[in-house]
Amino acid sequence: GFVEGFVNSSLLFCVGAMAIIGSLRDGLNGDPSMLIAKGVIDGVVAIFFASTLGIGVFFSVIPVGIYQVIITIAAGFIEQFLSGRLILNLSFVGSILIFAIGINMIFGKKIKTGNLLPAIFVPIAYEVILCFI
């Protein structure tokens, strides 16, 4: 019902590469073009999701908006810590989470993607560890 639609769509819209890279690009370069394209794509996907998962999909706009605003604002402060490898690894983990959501939707499996969300912090921890080695 509501919770399944809210969680699945929030995860799908938040952990994708366009959400992370687009927000960073907007914060660092003032270029919102990727976020605008992502918004159009997410809007179309949300219509299809809502037809099967319910109204919870439309309420996912709240955490997605907050998430992207925080990354955009924080980009200026964390610019010195960002590397190409970190951004690539964050995108990779996000893609795996999106794949898990797709498996749930296509095959009816119950991979608890919400429980996998902390994995997005693994590349950050990896970069921190590499800095001290």
Looking only at heavy atoms, what is the nearest atom pair of P32 and G30, with distance?
CD-O, 3.3 Å
Pairs meeting criterion ring-ring contact (aromatic ring centres under 6.0 Å, His included) with involvement of residues 32-80, two or more places apart
F2-F59
Within-4.5 Å side-chain heavy-atom neighbours: V93 and P123
yes
Hydrophobic cluster identity match, I78 and V69, side-chain contacts under 4.5 Å
no
Side chains of F13 and V45, heavy atoms from C-beta outward: is any pair under 4.5 Å?
yes
Taking all heavy atoms of I71 and all of I20, pick out the closest pair and write down the distance.
CG2-O, 4.2 Å
Distance from I98 atom CD1 to I103 atom CD1, nearest 0.5 Å?
13.0 Å
So if you build clusters from Ile, Leu, Val, Met, Phe, Trp, Tyr with side-chain heavy-atom gaps below 4.5 Å, do V64 and F6 land together?
yes
Do I111 and V3 belong together in a cluster built from hydrophobic side chains that touch within less than 4.5 Å?
yes
Could you grab the distance from atom SG of C14 to atom CD1 of I66, nearest 0.5 Å is fine?
9.5 Å
Are L90 and L88 in one and the same hydrophobic cluster, where Ile, Leu, Val, Met, Phe, Trp and Tyr link if side-chain heavy atoms are under 4.5 Å apart?
no
Looking at every heavy atom in both L28 and A75, which two are closest together, and how far apart are they?
CD2-O, 3.3 Å
Rounded at 0.5 Å granularity, tell me how far NZ in K38 sits from CD1 in I21.
12.5 Å
Determine whether I96 and L116 make a side-chain contact, defined as any pair of heavy atoms from C-beta on separated by less than 4.5 Å.
no
Straight-line distance of F92 CZ to I120 CD1, nearest 0.5 Å:
11.5 Å
L11 and L97, any side-chain heavy atoms less than 4.5 Å apart:
no
To the nearest 0.5 Å, what is the distance between CG (L82) and CD (E79)?
7.5 Å
Is the shortest side-chain heavy-atom distance between V57 and N8 below 4.5 Å?
no
Rounded distance (nearest 0.5 Å) linking atom CG of L24 with atom CD of Q68:
11.0 Å
Co-membership, hydrophobic cluster, residues V44 and V61, 4.5 Å side-chain
no
Specify the closest pair of heavy atoms between D31 and S33, including all atoms of both residues, with the distance to one decimal.
OD1-OG, 2.9 Å
Flag side-chain contact, heavy atom, 4.5 Å: R85 against L130:
yes
